[in-house]
Protein chains: 2
Amino acid sequence: MGIFSKTCEYAMRAVFFIAHRTANGGRVGIKEIATGINSPEHFLAKILQDLGRRNIIKSAKGPNGGFFMDDVTLKRRLSEVVEAVDGNGLFTGCGLGLDYCSETDPCPLHNEFKAIRERIHQMLENTTIEEFNEDLNLGVTRLKK
Amino acid sequence: MGIFSKTCEYAMRAVFFIAHRTANGGRVGIKEIATGINSPEHFLAKILQDLGRRNIIKSAKGPNGGFFMDDVTLKRRLSEVVEAVDGNGLFTGCGLGLDYCSETDPCPLHNEFKAIRERIHQMLENTTIEEFNEDLNLGVTRLKK
DNA sequence: AACATAAAAGAGTTTATTGTCTTTTATTGC
DNA sequence: GCAATAAAAGACAATAAACTCTTTTATGTT
């Protein structure tokens, strides 16, 4: 695996996709999202339900329903998405998996890992969905070939 | 999970442990390693078999047998252990899990992730088992509380 | 040669992750 | 109120990761 779980990868791509598709109002359905980011539909549905409960995305049932973002959710940071799905083990855990490892009682690689973890955290912390969306709008990047 | 798989964590701890216990000759048995690094014995056995096949550690059967390191294996880098167990997905994969993502066709977070991945790789590349062992010998660090 | 030791190999089980399918609930428009 | 729509929820199924137990093979010692 990469750095994140598959679930977390889907979550990030989906959030970006929803932001991109609904920045100017409207909603987008689960089918379109799943196709758009290349993920299994029903599995993604579960993930989005969870993100909805945590107020990272918005959703509405019924006709004209679907997923969308509002001013609050657009301001969310990528770190919040990752933490919601994968927890904070990536930011806090010991590289060697040692329970005792801490600042005062460091494992052999503690300081090296600490620097890397902080770097990852920073990157995710500094990226808001909104910001990111601008790149997508500019066509600089995309979410699927 | 943290950055590495559990299997990989055990592998790293075990390699360090073996190096530490056999730097001045001798061998160490699977039971002692498992206890010493706090891992399930038989599961660790599998991992060590694999590391042996890949010539990252050495082993000998029979009485006075066990695991050990020689001049060659002591020079191995931590990156080789990680790659043997977790593959190179951590060093090469896309952060968002996109297949197309590459240098010429980067995903939204490509450059940020690239920097982090390179950092991780560098850290693991720059750490040889031998070097590491010196820290352990100095009592600066340990593998189990 | 026989025995004891210790890793290697094989064949599982358990748990977590990932993915699928069906039913229920809420909302909108008529 | 009724039908259509779309997410929420529940109940599984498949795969992979983590872990366990037993048997086999190699090697040193007597």
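In what follows, chains are A, B, ... by sequence order, proteins preceding strands, each numbered from 1.
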Please compare Lys6(A) and Gly29(B) by the position of their nearest nucleotide in DNA chain C and report the one closer to 5'.
Gly29(B)
Would you mind reading off the distance between [X] atom [atom1] and [N] atom [atom2], rounded to a whole angstrom?
X        : N       : atom1 : atom2 : result
Ile47(B) : dA7(C)  : CD1   : C1'   : 15 Å
Asp50(A) : dA7(D)  : CG    : C1'   : 14 Å
Ile30(A) : dA9(D)  : CD1   : P     : 14 Å
Glu32(A) : dA7(D)  : CD    : P     : 11 Å
Phe68(A) : dA6(D)  : CZ    : P     : 15 Å
Asn38(B) : dC19(D) : CG    : P     : 11 Å
Gln49(B) : dA6(C)  : CD    : P     : 16 Å
Lys61(A) : dA6(D)  : NZ    : P     : 14 Å

Is [X] touching bases, backbone alone, or none of the nucleic acid, heavy atoms closer than 4.0 Å?
X        : result
Lys46(B) : base
Ala45(B) : nothing
Leu48(A) : nothing

Side-chain N or O of [X] less than 4.0 angstrom from OP1 or OP2 on [N]?
X        : N       : answer
Thr7(B)  : dA17(D) : no
Asn64(A) : dT5(D)  : no
Arg53(A) : dA9(D)  : yes
Ser59(B) : dA7(C)  : no
Tyr10(A) : dG19(C) : yes

Under a 3.5 Å threshold, yes or no: a donor from one side chain and an acceptor from the other, between Asp105(A) and Ser102(A)?
no
Can you tell me which nucleotide in dA7(D), dC21(C), dT25(D) comes closest to the side chain of Phe67(A)?
dA7(D)
Phe43(A) side chain, from C-beta outward: closest of dT18(C), dT22(C), dA26(C)
dT18(C)
Parallel, tilted or perpendicular: which describes the rings of Phe16(B) and Phe132(B), with under 30° parallel and over 60° perpendicular?
parallel
Any side-chain heavy atom of Glu80(A) sitting closer than 4.5 Å to one from Arg54(A)?
no
Within the 4.5 Å heavy-atom criterion, are Lys75(A) and Thr128(A) side-chain neighbours or not?
no
Counting only N and O atoms by type, is there a donor-acceptor contact under 3.5 Å from the side chain of Arg119(B) to the main-chain atoms of Ile116(A)?
no
